[in-house]
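Letters go in sequence order (proteins before strands), and every chain restarts at 1.
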Amino acid sequence: MTDKTLDTATPRGGMPPLHRAIFVGLLVVFAVAPFVLYPVFLMKILCFALFACAFNLLLGYGGLLSFGHAAYFGGASYVSAHAAKVWGLTPELSVLCGTAAAALLGLVIGSFAIRRQGIYFAMITLAFAQMVFFFSLQAPFTGGEDGIQAIPRRALFGVFNISSDINFYYFVLAVVFAGLLLIYRIIHSPFGQVLKAIRESEPRAISLGYRVNSYKLALFVLSAALAGLAGATKALVFQLASLTDVHWSMSGEVVLMALLGGMNTIFGPIAGAAVVVTMQNYFASFGAWVTVLQGVIFVLGVLLFRQGIVGVIARWLKRPL
Amino acid sequence: MFELLGIPPQALFGQLLLGLINGSFYAILSLGLAVIFGLLNIINFAHGAQYMMGAFLAWMLLHYLGIGYWWALILVPVIVGAFGVVIERLMLSRLYKLDHLYGLLLTFGIALIIQGLFRNAYGISGMPYSIPSQLAGGQNLGFMFLPNYRAWVVVFSLVVCLGTWFMIEKTRLGAYLRAATENPTLVGAFGINVPRMITLTYGFGVALAALAGVLAAPVYSVNPNMGADLIIVVFAVVVIGGMGSILGAIITGFGLGLVEGLTRVFYPEASSVVIFVIMAIVLLVKPAGLFGRA
């Protein structure tokens, strides 16, 4: 989906200095931020940043627009909430349960969805996500309209007490950064390079002997699992898993984050998530005007600003970001 | 009274009728999507919002101007269709050279704007729209009670669908349209104004959605979210049918409505997901869709 694809290949010897500087900079900023800003707000940004990057892994690097990523995000949040509340698991195990569930869901839905391409792929993922929504509405363990509330924050590894927001913040920071670095690694691995080849020309990749569908499915599962990691963590942050996280509007929001920040960039979705979450936070009292505003950003983004915030900066710096 | 498979006939035929009504809306909406997709190569995500606009406009005409159902049936598609023409000229026409997914994102944004504006103005509780007096009441068929309005919806939808099919498959205008779908450059070389045809086609597809909205207004309550969930089901219908054939879209729409109705009788828990399950099966067996071209 690019107008002009930026080269994201890495020179041998690991991360280029600019990217390393950005990661370190982000880490420092987010490590200090909770002393200035409200930790729960920051944790929300972190979770959505990971969610948006996981989504963009599929769109920006696989060229597949999923309109149903809420299914993995929300599905994982339910499983993680259930694991923490009913099974009494520790946070790291609850998050892992949620992630595994999202990966499994991604495997099932992905193996259907990759049979079609382009807009059909978008419609199919949306339809399956709606199925997950109806399941969440009716299944006995999800609590219907109420969701799963008052999820306990148990001790990390059964030892460290992280129940306070500020302590829990650093757990979330660690999880999200681990996820972001993994995404970075996937993009720059030999696997990522094959995906790029598939995105640019599928028939050529097939003729070179790559099993295109296996690569696509693997990418779909990875993207779903990482979206699940974000959702599972978010459930523990808010101590709540609800229908909002599986609703199609959540799938739309993550598309908006990637579009606004810059599809085809590594750091774009992080910026997009920060902007969208901040906007929701400050305009929450305006009700449905937030929806209208999101729609306007979508329209303007598609018509005038397709490279996104980070895409524009990258072009300005003449470096891939 | 007789019973079928342990189900009282009133319940069975009642649900089948409801299925047929839903099927009418699926058919008209997926038909509109298919017509738009054929020429513009975009999926109109705003289709659900435009259907909702149709229902609201009918309600507004009645409540603010006292214009009744029959006039609404003509005026609303024209007004909403004109709105579609404006959207196509101002926005969509700038995207044709880009990846088709941008059209999806743009129309999704338009859908959010429309839904948000109506939610602000009217809240999320539904507005009732009464059945026109000529179609009030119903017939007792012996095995079931058939409300006149519902029969009218099914018959009128069939006429609209078949009329559209006739226009596209059997008239000269339709021949131009099909030719432009295959090769717009060549058709343009014959002196046919293809950009104008594209604009009018989008307007026509949107008008169909609005017409479905007017038909739906007396059946369901008129509320800003009525299109949002419906459009996702219609997407599944489109995936099942494939967008290659007009008649295919009509048959799939009505057929899936009936299947949904039957599911509501025999296994109500699955009624909201049965169409998605069918979509999954079709993707396994015939990925291009029942009537699609690979």
Side-chain angles (χ1 to χ4, degrees), chain A residues 1-3 59 63-65 67-68 108-109 111-135 137-139 247-249 251-253 255-256 258-259 263 286-304 306, chain B residues 33 37 41-43 45 49 87 90-91 94-95 98-121 123-124 224 228-229 231-240 242-243 269-273 275-277 279-281 283-284 287-289 292:
Chain A
M1 300 213 27
T2 35
D3 296 329
L59 174 62
L64 298 168
L65 171 62
F67 234 101
V108 176
I109 296 180
S111 51
F112 285 102
I114 58 163
R115 288 164 171 266
R116 299 302 304 268
Q117 281 139 15
I119 46 171
Y120 279 101
F121 182 87
M123 290 193 288
I124 291 164
T125 46
L126 176 62
F128 277 115
Q130 188 74 351
M131 211 166 149
V132 173
F133 175 80
F134 282 123
F135 176 79
L137 188 64
Q138 293 172 355
H247 195 247
W248 57 263
S249 53
S251 301
E253 265 171 34
V255 181
L256 180 63
L259 176 71
M263 306 177 282
F286 293 97
W289 286 112
V290 178
T291 314
V292 177
L293 187 60
Q294 283 181 350
V296 170
I297 296 176
F298 251 111
V299 170
L300 294 179
V302 170
L303 287 177
L304 308 170
R306 282 186 291 274
Chain B
L33 282 179
F37 179 78
N41 267 319
I42 62 156
I43 272 293
F45 217 125
I87 287 179
L90 288 182
M91 300 176 191
R94 293 159 197 268
L95 298 178
L98 301 171
D99 194 303
H100 301 154
L101 293 176
Y102 282 114
L104 182 78
L105 296 181
L106 180 83
T107 47
F108 180 72
I110 293 169
L112 286 184
I113 296 174
I114 298 172
Q115 275 160 21
L117 288 175
F118 275 95
R119 253 202 326 258
N120 270 325
I124 52 168
D229 292 332
I231 195 64
I232 301 178
V233 180
V234 173
F235 280 169
V237 172
V238 164
V239 173
I240 293 168
M243 281 189 288
E269 292 82 2
S271 62
S272 53
V273 295
I275 289 185
F276 302 126
V277 174
M279 181 187 80
I281 296 168
L283 282 172
L284 281 181

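Once rounded to the nearest 0.5 Å, the distance linking CD1 of A/Ile119 with CG of B/Asn41 reads 7.0 Å. Note that the CG atom of B/Leu105 and the CZ atom of A/Phe298 stand 6.0 Å from one another [nearest 0.5 Å]. Atom CG of B/Leu101 is separated from atom CE of A/Met263 by 8.5 Å, given to the nearest 0.5 angstrom.
Of all the heavy atoms in B/Ile232 and A/Ala127, the pair that sits closest is CG2-CA, 4.1 Å. B/Val238 and A/Tyr120 get closest at one heavy-atom pair: O-CE2, 4.5 Å. Minimum interatomic distance between B/Phe235 and A/Leu126 (heavy atoms only, all atoms of both residues): CD1-CD2, 3.6 Å. Taking both residues in full, the closest heavy atoms of B/Gly116 and A/Thr291 are given as CA-CB, 4.3 Å, listed atom of the first, atom of the second, then distance. Summarising the geometry of B/Gly289 relative to A/Arg116, their closest heavy-atom pair is N-NH1, 4.2 Å, with the distance given to 0.1 Å. Closest non-hydrogen pair, B/Leu117 versus A/Val292, comes out as N-CG2, 3.5 Å.
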- Task: Just do the side-chain contact (heavy atoms from CB on, under 4.5 Å) check on B/Leu112 and A/Leu293 with the steps written out, would you?
- Result: CA-CA 9 Å; B/Leu112 286 184; A/Leu293 187 60; over 6 Å; no
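For chain B, the option among A/Ile297, A/Ile124, A/Leu256 with the highest count of heavy-atom pairs below 4.5 Å is A/Ile124. Between chain A and the options B/Asp229, B/Leu106, B/Val273, the largest number of non-hydrogen pairs under 4.5 Å is found for B/Leu106. Taking chain B as the reference chain and counting heavy-atom pairs below 4.5 Å, the highest number among A/Phe133, A/Phe128, A/Phe67 is found for A/Phe67. By number of non-hydrogen pairs under 4.5 angstrom with chain A, the leading residue of B/Pro224, B/Ala236, B/Ala280 is B/Ala280.
The neighbour count for A/Phe135 CZ, taken as heavy atoms of other residues, nucleotides or ligands under 6.0 Å away, does not exceed 12. Taking a 6.0 Å sphere around CG of A/Leu304, one finds it holds more than 12 heavy atoms contributed by other residues, nucleotides or ligands.
Heavy atoms closer than 4.5 Å to chain A are found in the side chain of B/Phe37, but not in its backbone. B/Leu284 touches chain A through backbone and side chain together, each having a heavy atom under 4.5 Å away. Heavy atoms of A/Val299 lying under 4.5 Å from chain B belong to its backbone as well as its side chain. With a 4.5 angstrom heavy-atom cutoff, B/Met279 touches chain A only via side-chain atoms. No part of A/Leu137 comes within reach of chain B, as not one of its non-hydrogen atoms sits under 4.5 angstrom from that chain. Contact of B/Phe276 with chain A is made through backbone and side chain together, with heavy-atom distances under 4.5 Å.
In this pair, B/Phe108 and A/Trp248 present their aromatic rings perpendicular. The plane angle is above 60°, beyond the 30 to 60° band.
Contact of the B/Val277 side chain with the A/Met131 side chain is registered, since non-hydrogen atoms from C-beta on lie closer than 4.5 Å. Residues B/Leu95 and A/Arg306 form a side-chain contact, since some pair of their non-hydrogen atoms from C-beta on lies under 4.5 Å apart.
A/Arg115 places no side-chain N or O within 3.5 Å of a backbone atom of B/Pro287 that could act as its donor or acceptor partner.
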